[in-house]
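Below you'll find the structure, written out as structure tokens, and then a few comments.
On a predicted model such as this, the values are computed, not experimentally measured, just so you know.
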Amino acid sequence: MDHHHTYFTTGTRGWASTHVADGCATDLPLVAGHSQSEPPVSHPLPLTDMDDSPESSDTPPEASTPDTPVISASRPSTAAARSSSNHNLADTNGNALVAVRSPSVSTPVGRPAMLRAKSDFGPRLRDAADAADSDADEASSAEGNFKIRHGWDDQLTSEEYNNLLTSTFFMYYTDKKHETGGIPKNQNTAYPLQEWRMRDRLKTVSAVLALCLNIGVDPPDVIKTNPCAKEECWIDPTVTSQTPGHTPMNQIGKALQTQYEQLSMRTRYKLLLDPTTDETRKYTSTLRRNARNERVLFHYNGHGVPKPTSSGEIWVFNRNYTQYIPLSLFDLQAWIGAPSLFVYDCSDAGLIITNFNKFAEKHQSEFEEARRRDANVEYVDFNDCIHLAACREKESLPTNPNLPTDVFTSCLTDPITMAVRFFVLQNPLRSKINTRDAHNIPGKVSERRTPIGELNWIFTAITDTIAWNSLSKPLFKKLFRQDLMVAALFRNFLLAQRIMRVYHCHPVSHPEIPQTHNHALWRSWDLAVELILAQLPDLQAEARGEKEYTYKHSEFFSEQLTAFEVYLTQGAVEQKIPEQLPIVLQVLLSQVHRLRALILLSKFLDLGPWAVNLALSIGIFPYVLKLLQSQAIELKPVMIFIWARILAVDQSCQADLLKDNGYNYFINILNPNSGIPILNASEHRAMCAFIVAMFCKDYNQGQRASLSPELIDSCLDHLRDMQNPLLRQWSCLCLSKLWVNHEEAKWVGIRCMAHERLCELVIDPVAEVRAAMLYALTSFLGIRDVTAQVATIEESIASMVLVMTTDGNSMVRKELLVFFSTFVSRYKSRFLVAAYEQFSEEAGLNLDSRMKERNGDGLYMKLRSNSTENSSLQQSCSQNTIYAAIWREVMVMSVDPHPEIARDAGIVVDGILVALMASPLANYAQPHLETLIKKTPAPRPAARRVLEDTPSQQDATPPTPSKEASYLSLFGGLRRTGSVAASLKGLWGVQDTQSSPQKSPGRPKIEETHTPPPDTRPQTPERYHIEEEPKTRGYVPRKFSTAPELPLRSTFFEWSVEYFREPQMKPTEADEPGSTDYNGRLWRRNRNDDIIAETQPLKDVAITSRWDAPRGYFDNLSQPMKMCFHQFEDHLVVTDDRDTINVFDYSKNTSRINCFSNGNPTNSKITEVRFINEDDQALLMTGSSDGVIKIFRNYDTKAKTELVTAFRALTDLVSSNKNAGLVFDWQQGRGLILVAGDVKVIRVWNAGTEICTSDIPARSGSCITSLTSDQVEGDVFVAGFGDGAVRVYDQREKPATAMVKVWKEHKQWITNVHLQRGGQRELVSGCRSGEVKLWDIRMDKSVKTIQATTDTLRTLSVHEHAPVFATGTQRHRVKLFNVHTGALVSHFEPYSGFLRDRSAAIATTAFHPHRLIVAAAALNDNHVNIFSCNDQKPLVPKTVKIWDGPSTLTSRPSSIFA
């Protein structure tokens, strides 16, 4: 659900900019909401005489001053001809009137005086007698002064309205719910969860520190320089201690142990000072035995013994220290075992690792041999041994006197001192700081606010980050996250790599890691050291009490956070891993930077699951878990966000939340009475509801821990928060997860009246909330002990949600079907009875209808058939019960226009019928079943409308079985019904073998069509579903090889969770300047402006030139019945008299670019077709005579066309001897679909909410044949009726009083009624008799009457902006008339091919909304002709300011109310 919107203020440029342009050629499309203060001189205003050639006016044009109301060129505007007062208008008799000039014309500066038309107050009365005699003159004289019809010109002067025009323009049916249809992504492929927990975490519990120094005796193979490095653990062994027992050897050993204890206090250390073989064996074996499966450290300092041998030995001593004794690594392996950690500080150390690995392989083979003999032999895996060696093979340790002898050990165990000492040695500048000062940095390592503590903290962050960026992720996890001792030693090993390399040594590790000595972060480390050393003299002086000095803390962490922030704004586009992530982790330890670090971390996690996986793998989780214990109020919003992101990706954190009651952190915030210091508290509470829902999901302990009446009350209270649909949605889903398989929670819900509170959401304006409510109620069903109270509650829930079968959103209907399937499974026996009784009733009604056809005695036969066999069973047990109602609704849903719903409902129906065949009722039901399956479809009476779609579960496309007439009136009070027979066609195991589409049983009676005069059908095959019917994205056909399983499983929760996996903080790709989507949108906007600017000046040409220039001619391959031009693309959509939609590109050579089936059933047809969202990437909306509206995307791309949504807009089609089927009008500005037809109401559907917002009574017994509406404000709409009446409705009124005007001057079927979107906003209607009338909604009579033809008026089309309308006649002629004068402008006959019937009636006509193009087609002919106006050169040159502002078309958010 898209709850964060970005806006653009350039609106429906297609209809709107033209309103201003229509009226004033000087108006330029606005840029960023500002009009030009002065029109260019090159823009004279046209002064047009309707009877003569247009001429330019000599008078100065009206000036658009800064005071002029800003009229957006981008939203619909009621502003029409601002210059219309400068036109010479003609009355109905054709007599020219004197041009009336507005007073404002003579005033180039200042707001134009917008005089109200006299016709605002009705006809201008010269005197009573005059008025009685000259109605036409009244109308024309009124016409002379008016600026725009219907009094809508005053909107030009309304600042408030003009501001409204520049408000956000929404795109419809482009939300995620329409893109995905509520189908979640495959989690394994979309966001695979990486294993980040350390399942095999180890501890180094014991350590052997073996020091073979033999102080005073140099080994034979070592040649020492003079001077030479002497210090071991910073102790000079040549200086003898005066304290008894404190020998240099002991001091060195204790110092080494102390340094190791800085790394790990919990490890038990055993010192082996100049050890023998026996001592080594004894202590290593003992420590391995005590350590069990944990890690053992073996530190070996071999500075006092020979180098390791190539045969795999290191050296120790004999008991008397007279000999060097070789110790085989093979034996050492056996004693220490695995897992273990080895540190070798001696020359040729790399040789030890090589030989160790050879012996390890030998041990492995021995173990495998032993296991073949005895499977119980303990197995030791030597692959889990880690080695750190001071140098490579054939390398000697450095002997530089400025370094300690054990430089490798010092790097590993005292890194800060060694690093500072190294910095001092490498510093080329003269300084007062010497190497001894490295030991005198004040503070404690464990205290991060002291200099030495801060330096250690920085060092940890830098080495962690270098490793994170240099090592593979599995290796990093093993070496830096599995064991604290290993992690510390490897961090320090990176320093050893850097330092020892300078002295020609190359430390070696196993597993091997890359060289990191030249990583850029080492320079940051040098800077940090330098800044602290610069303060060292002052700090030492302060320590001596010589001066006061305050330590200046390092800026390292704040600078790294800034770098991370730069990454988030610039570098996170292509999932590039941020270098600073481990530093952010370290910063969480500091209260100073914690909030900033958490905010940046939340922005990083917002990038998607890949970012969450990265953060978890680096070890962020323990930190954010610990922070749940913090009561800091400022951390709450960001903690909520971070936890929502983590749980959206990894549900396994439930146990962690339970362990320390972390879940209460979120339950407390969810309480409406708790405070959060943030403006969008509702959104954060929605995240809390999500977190609690995930905590309870599939986790009974979580459900039990969370359960409290307070939590349920909190969720129920949030259902009333109408400002935040996300909170309402997740409050429902939180309740659902609390209730799943948890009866105690359901009883608490009953006591809180939760089910009733949830049912109040049946008409919630947001589809996701309605679906979530159904998901929650589905979870609520299922208390094991079905008492009378439980059954009553569950029946009441089912009754309250039954109305949602009419919901316009497919996702909601899918959830309703899941609810029904759960309810059916719970009360299966009652549904078997309901199904059987309908079987019996349908079988009886089939007989009735056949008897009725023979003897007309249908009622008697019906009663008699119902009283014959099985009379006891046929006394309807299920009549008027919720079970019968749901059964019928499920059958209706099995022929739903949406393929996924039809598929799933088919499974439910089949599940019931299969169970029925296995029940005791099978013997009674079997004969009816066979009858219904075998029955032959009878011809449908012409007046009936098919209300069922083809069941989508069929493999091929057989037609829907026609029902007898009785099916529509079946079950008296029911809105509509499905038939068992329709459902049985796809019954599991009873597949219909008919695979070829069936031919229509014949031409419907004349009254069924829009054209009462008799027609003959063209000689083309009567076939439906010839073309492929587009399905929804992600649609998977049903597999009939598997038996139907009930209840159905919902995927709505998984789909909803995806919201928290998607970026919410950054704009979408289409809103990012420079992106492909953005550039494409920008190009389309500028193209649209160009088209509008190019076509607006042509409207005067339209009434002076002929319209017979051929523009295109093509074969539609079937009878064209409806046509629609796209405003800006060169696309013409043509539908036929069945179900085929053809899309043509007429830009150069007219070519068919796509054709597909609308999917409406046999004997129905497409009755309306419109484009929506034309300013950007348009969708195609179709209406068919079975009451269904469908919307398609990619309508112009073969094989990529997809169904966006489909719903039954009219459910109560009334039979009539003259049928209009379904007619609709689309209002882009308000997102409304006005639907009418063979019904008693005009139904208003809101595209944003996808529910019917009102049923406006038509106040007529006749069918509605045509709808048109004011596209600007959208309040007023007009309907034409089959009896000739024209009625005006105002949506601002209550439905009962919405009809504000009725005209009954036409006496025959209204062919069309149309209200111009631009121009002078003329309202034009035409009826069969050939009369065309112009209306003003303020007047009780027509303004003008034009007799367009003496024969039957077949079609009427009105240009949106030019003052012309076209009529198609019975005699194969298309005539174009001047709206103002009624004069014939042009006429032509559509070309029908060689030797074709040139007397055939015109079937359809259509104008292009902007260009001077008209299309026409005749009956009995498949061809469509496109003609254009001959002279299409504009009279007035027009300069267009290309729109270059930021545009953001945004999907209509579901939270907007109707």
Side-chain angles (χ1 to χ4, degrees), residues 211-213 222-225 227-235 252 256 259-260 263 299-304 307-308 314 341-354 386-428 435 438-439 459-460 462-463 466-467 470-471 479 486-523 525-526 529:
L211 300 175
C212 300
L213 297 181
V222 173
I223 300 171
K224 291 192 175 179
T225 59
C228 179
K230 294 179 182 178
E231 292 180 336
E232 299 274 357
C233 297
W234 311 115
I235 295 171
I252 292 168
L256 179 61
Q259 287 173 193
Y260 263 110
L263 303 182
H299 178 99
Y300 175 72
N301 180 328
H303 297 167
K307 295 176 183 177
I314 57 175
L341 169 61
F342 297 90
V343 177
Y344 311 113
D345 190 353
C346 59
S347 299
D348 267 6
L351 185 60
I352 303 176
I353 298 178
T354 305
I386 296 170
H387 304 267
L388 297 172
C391 58
R392 294 176 185 163
E393 189 179 344
K394 297 181 181 177
E395 283 185 350
S396 296
L397 295 178
T399 56
N400 188 325
N402 294 321
L403 298 174
T405 308
D406 61 346
V407 61
F408 184 62
T409 299
S410 297
C411 286
L412 294 185
T413 58
D414 193 6
I416 304 303
T417 306
M418 192 65 227
V420 173
R421 194 180 182 111
F422 175 71
F423 178 83
V424 173
L425 291 172
Q426 295 296 305
N427 187 2
T435 54
H439 299 269
F459 178 80
T460 302
I462 283 178
T463 49
I466 290 174
S470 305
L471 275 61
L479 300 182
V486 173
L489 287 175
F490 263 94
R491 274 198 299 268
N492 302 343
F493 179 77
L494 301 183
L495 177 69
Q497 276 188 332
R498 185 186 190 214
I499 292 176
M500 297 188 71
R501 164 179 201 89
V502 175
Y503 301 102
H504 312 295
C505 268
H506 300 84
V508 182
S509 70
H510 179 81
E512 188 177 357
I513 65 173
Q515 291 294 322
T516 60
H517 61 276
N518 57 356
H519 196 281
L521 273 175
W522 283 120
R523 282 178 285 178
W525 165 249
D526 289 339
V529 172

- Message: Has His510 got a side-chain atom pairing as donor or acceptor with Ala389's backbone, closer than 3.5 angstrom?
- Response: no
d(Arg491 CZ, Leu479 CG) to nearest 0.5 Å is 11.5 Å
ask   = Counting distance only, does the side-chain N/O of Trp522 pair as donor-acceptor with the main-chain N or O of Thr516 below 3.5 Å?
value = yes
Check your understanding: Going through the distances and angles, do Asn301 and Leu213 end up as a side chain to side chain contact (heavy atoms under 4.5 Å, CB included)?
Key -> CA-CA 7 Å; Asn301 180 328; Leu213 297 181; 3.5 Å; yes
All heavy atoms of Leu397 vs all of Cys391, minimum pair found to be CD2-SG, 4.3 Å
Problem set entry | Audit row: Asn492, Phe459, side chain to side chain contact (heavy atoms under 4.5 Å, CB included) steps and yes/no | CA-CA 9 Å; Asn492 302 343; Phe459 178 80; 3.3 Å; yes
Exercise for review: Look only at the side chain of Arg421 and the backbone of His439, and say whether a donor-acceptor pair between them is shorter than 3.5 Å.
Suggested key: no
So CD of Glu393 and CD1 of Ile352: to nearest 0.5 Å the spacing works out to 10.5 Å
In terms of heavy-atom contacts, Leu412 and Leu263 come closest through O-CD1, 3.6 Å
Interatomic distance, OG1@Thr417 vs CD@Gln259, rounded to 0.5 Å, equals 8.0 Å
Contacts of Arg501 meeting side-chain hydrogen bond (donor to acceptor under 3.5 Å, both in side chains) (sequence neighbours excluded), chain-then-number -> His517
Distance col, row Arg523:CZ vs Asn518:CG, nearest 0.5 angstrom, shows 9.5 Å
Strictly distance-based, threshold 3.5 Å: is any side-chain N or O of Asn427 a donor or acceptor partner for the main-chain N or O of Phe423? no
Could you check whether the rings of Phe342 and His387 sit parallel, tilted or perpendicular, using 30° and 60° as the cut-offs? parallel
Backbone N/O of Ala229 and side chain of Thr405: donor-acceptor pair under 3.5 Å
yes
Check: Taking it one step at a time, do His299 and Thr413 satisfy side chain to side chain contact (heavy atoms under 4.5 Å, CB included)?
Finding: CA-CA 11 Å; His299 178 99; Thr413 58; 5.6 Å; no
One should read off an interatomic distance between Leu494 CG and Ile499 CD1, to the nearest 0.5 angstrom, of 11.5 Å
Nearest heavy-atom approach of Ser347 to Ser396 is OG-CA, 3.5 Å
Correct closest heavy-atom pair for Pro514 and Gln497 would be O-NE2, 3.5 Å
(Q) For a side chain to side chain contact (heavy atoms under 4.5 Å, CB included) check, start with the C-alpha distance between Trp234 and Met418, then their side-chain angles and the critical distance, and finish with the verdict. (A) CA-CA 10 Å; Trp234 311 115; Met418 192 65 227; 3.7 Å; yes
- Message: I'd like to know if the side chain of Thr463 reaches the main chain of Thr460, judged simply by a donor and an acceptor atom lying under 3.5 Å from each other, with no hydrogens or angles considered.
- Response: yes
Taken to the nearest 0.5 Å, the spacing of Leu388 CG from Phe493 CZ works out to 5.5 Å
Would you tell me whether Asp526 and Gln426 have side-chain atoms, one donor and one acceptor, within less than 3.5 Å of each other?
no
Between Leu495 and Pro415, the two heavy atoms sitting closest are CD2-O, 3.4 Å
Shortest non-hydrogen pair, Cys233 vs Ile252, comes out as SG-O, 3.9 Å
Which of Thr409, Asp406, Asp345 passes side chain to side chain donor-acceptor pair (under 3.5 Å) with His303? Answer is Asp345
